[in-house]
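I have placed the structure first, in the form of structure tokens, so that the comments after it can refer back to it.
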Amino acid sequence: MLRSLLLLVSPLLMSFYGGVCFVCPEICRCSQKSITCNSATESLKSRTHSRLSISNTGISVFPDLTSIFSLESDFILYICDNLNLRSVPTNAFIGMTSEFITMNLFNNGFQEIESHAFNGTKIDKLVLKNNKYLRVIHEDAFKGAFGPTMLDVSSTALETLPSRGLESVLMLVARSAFALKRLPPLNTLKSLREAQLTYPSHCCALLSWDSNREGSVIPALRNGSSNCGDSSPANPSDVTSGDSLTLDGPLASDIVGFTSAEDTFGSMDFYYPELDLCQRRPALQCSPEADAFNPCEDIAGFGFLRVAIWFINVLAIVGNLTVLLVLFTSRCKLTVPKFLMCHLAFADLCIGVYLLMIATVDLMTRGHYSQHAIEWQTGVGCGIAGFLSVFGGELSVYTLSTITVERWHTITHALRLERRLGLRHASSIMVVGWVVCLGMALLPLMGVSSYNKVSMCLPMDIETPLSQAYVILLLLFNVGAFLVICGCYVCIYTAVRNPEFPGRAADAKIAKRMAVLIFTDFLCMAPISFFAISAAFKVPLITVTNSKILLVLFYPINSCANPFLYAIFTRAFRKDAYILLSSMGCCESKANLYRMKTYCSENINRSKSSSGSNGNSKAPRAVVWMSSFPHVTPRPRMQRV
């Protein structure tokens, strides 16, 4: 039976609200918006209830409970389903009881819990769940209070918990608290033994902290003992016979009838757990556990990847910026190959920026990424990084395919210059590519798949059929581009092997070099495509941890290599670079040499075209135009006079 309790208040309103009729208690003054209770100790002295319930009312002012006092040791307070209550004020519960109290403050309209709200109370359990508008618990809300030992903030809009007042919390419940992306400083949860959270990464942070925090012996039970080390036996069964008390030396043999204490009284291995000064703290229990997409590790996962990602992103950014700078400042006529190279360099630059963002976050959160994982993965930064990754990757593949088709068209119609691809046509093709790639990169930001599934910010969410279809379509786009390139080069090799057509030697050389470059690019992408397609069909063949090797070493390697293979290592690019440097007063001799070679080449080709027939005069022009492509510049053969 419960001891005498000095109150029972069941509010409110003399009319029906929500299907329940409320009667104002004798000790309270009730209005349509507030309840005030006085002298509860005298008026309810003979009552034996342990519950105060203020539920399903229309009050908009928090009840004045400061004059209520209970002597019950298991007093329970219910303030719930009051949708017009907006805050818990300062000293809201002071003086209610000197014993531990359970507070069920759920499903209200609370938006804020003010400073010192729980001052003067001993809180056993505090349930704040389903207060979906609750965004702020003041830093000093628990100042002057003891407890709580259990805190439930499930289904609230809290973005963080107070950094003070949680030292006594043994159990923390925060299920479906999606706005709670950042835990308070973990040292404030020093007594925590069980946690039921929303995000697996928070459990990673708590479990890592629990395994590494200083002192596994409970401080309250150690009592300053210096003998609580690994050598201390945890139970009496670990004590060996060599550790028993014995009498050695000549005195033992002089004692007549001497027998050991064990022989007389039997075994004395008594064990009293409550007197164990070296009790070990139980392991922290936390759910949900880390899943396949979010293992408990840093973004890079491996040490060598952390080095590789910086090396690759620096090369990608520097190389592609150099290409764009030289091509944009070049005084030579803008040709279709140079125009397409600008788009390829910009796409690869996007991949370099994406890698720079990932590498920077990995460096800043090294060793404690789990504490920041949700903030990063659900934040704007991860969305931007994912957008740059998909947009840059798909635009790069699209541009490579366009370059290959343009080469095939040029070589196939080398004798019909009127059918060659012009800048206007190339611009239209790239506009279509930009629209398609922008659409594919924006879909995850609109709810089709998601960039926040993994720490690398790639669209790996295939939980819904629409998301799965999107990922499969993305992969098929890359496979389709590869097939287009293969088909074009089969046609190119078929054409250039025909000896009847003049002027094809330079074309064949260009085609072969480009084939090596582009096939190398797609060979690097083949492992990613293979494992990604299997994962898209929900048959993963590789873990997220191991897939980071592919994503760092294979996925962006083309963005690092393309500016060097397609531009910087070519003769045409070096000519443009030296001419640009000469305008700044550097490398003038090299620039003059390239100007002279260009002038001689143009004169020789002009003389050949003027002396040849109409049919044969068009072939050299095609070769001259193709020499503007930055991969290979065919050398004209000068006749010796």
Side-chain angles (χ1 to χ4, degrees), residues 293-294 299-301 305-306 308-317 319-321 343-363 373 376-400 433-462 467 470-479 481 521-522 524-529 531-533 535-536 544 547-563:
F293 289 99
N294 294 282
I299 294 180
L305 287 183
R306 183 170 288 112
I309 196 172
W310 277 103
F311 177 76
I312 293 173
N313 86 73
V314 168
L315 283 181
I317 292 176
N320 288 290
L321 280 178
H343 288 271
L344 181 62
F346 179 79
D348 291 335
L349 178 63
C350 291
I351 299 295
V353 175
Y354 157 74
L355 288 176
L356 178 62
M357 295 178 67
I358 295 296
T360 302
V361 175
D362 175 67
L363 183 64
W376 162 245
Q377 291 177 213
T378 61
V380 177
C382 189
I384 295 175
F387 172 84
L388 291 175
S389 172
V390 173
F391 172 72
E394 301 312 310
L395 184 61
S396 179
V397 170
Y398 181 89
T399 308
L400 283 174
W434 274 68
V435 172
V436 171
C437 296
L438 281 173
M440 288 191 292
L442 286 173
L443 282 177
L445 299 177
M446 299 177 179
V448 181
S449 191
S450 175
Y451 290 129
N452 59 24
K453 188 71 173 179
V454 294
S455 60
M456 298 290 288
C457 303
L458 295 174
M460 292 188 176
D461 185 3
I462 55 173
S467 299
Y470 164 77
V471 174
I472 294 174
L473 181 64
L474 203 65
L475 295 172
L476 291 179
F477 178 83
N478 290 273
V479 174
D521 290 341
F522 277 88
C524 292
M525 296 179 62
I528 297 177
S529 300
F531 289 111
I533 290 175
V544 170
S547 69
K548 292 178 181 179
I549 300 176
L550 299 178
L551 296 175
V552 172
L553 296 183
F554 289 90
Y555 178 64
I557 196 67
N558 295 331
S559 301
C560 170
N562 284 342

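Separation of atoms CD1 (I351) and CZ (F346) is listed at 11.0 Å; rounding is to 0.5 Å. In this structure, the separation between CD1 on I312 and CD1 on I317 is 12.0 Å, given to the nearest 0.5 Å. In this structure, the separation between CG on L349 and CG on L321 is 5.0 Å, given to the nearest 0.5 Å. Expressed to the nearest 0.5 Å, how far CD1 of I299 lies from SG of C457 amounts to 7.0 Å. Atom-to-atom distance recorded for L388:CG and L355:CG is 10.5 Å, nearest 0.5 angstrom.
Partners of S389 by side-chain hydrogen bond (donor to acceptor under 3.5 Å, both in side chains), not counting sequence neighbours, listed by chain and number: Y555. With sequence neighbours excluded, the residues that form a side-chain contact (heavy atoms from CB on, under 4.5 Å) with L476 are I472. When the ring pair (Phe, Tyr, Trp, His ring centres under 6.0 Å) test is applied to F391, the partners found at least two apart in sequence or on another chain are F387, W434. Looking at residues two or more places apart in sequence or on another chain, you find a side-chain contact (heavy atoms from CB on, under 4.5 Å) between L363 and W310. For the side-chain hydrogen bond (donor to acceptor under 3.5 Å, both in side chains) test, no residue two or more places apart in sequence or in another chain qualifies with D461. Remark: S449 engages no residue in a side-chain hydrogen bond (donor to acceptor under 3.5 Å, both in side chains) (not counting sequence neighbours). Scanning for side-chain contact (heavy atoms from CB on, under 4.5 Å) contacts around I462 gives Q468, V471, K538, with sequence neighbours left out. Qualifying side-chain contact (heavy atoms from CB on, under 4.5 Å) partners for F293, counting only residues two or more places apart in sequence or in other chains: D291, K453, V454, M460, V544. For C560, there are no disulfide (SG to SG under 2.5 Å) partners two or more places apart in sequence or in a different chain.
The shortest non-hydrogen separation linking M456 to I358 is O-CD1, 3.8 Å. Among all heavy-atom pairs drawn from P459 and Y451, the shortest one is CD-CE2, 3.8 Å.
Residue pairs meeting the side chain to side chain donor-acceptor pair (under 3.5 Å) criterion with at least one member in residues 344-357, sequence neighbours excluded: D348-S396, D348-S559, D348-N562. Listed by first then second residue, pairs satisfying salt bridge (charged side-chain N to carboxylate O under 4.0 Å, His left out) with a partner in residues 548-563 read E297-K548, not counting sequence neighbours.
At least one donor-acceptor pair under 3.5 Å links the side chain of N313 to the backbone N or O of I309.
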For residues 437-446, run the donor-acceptor check on the side chains, cut-off 3.5 Å, and write out each pair with its distance to 0.1 Å, sequence neighbours left out.
none

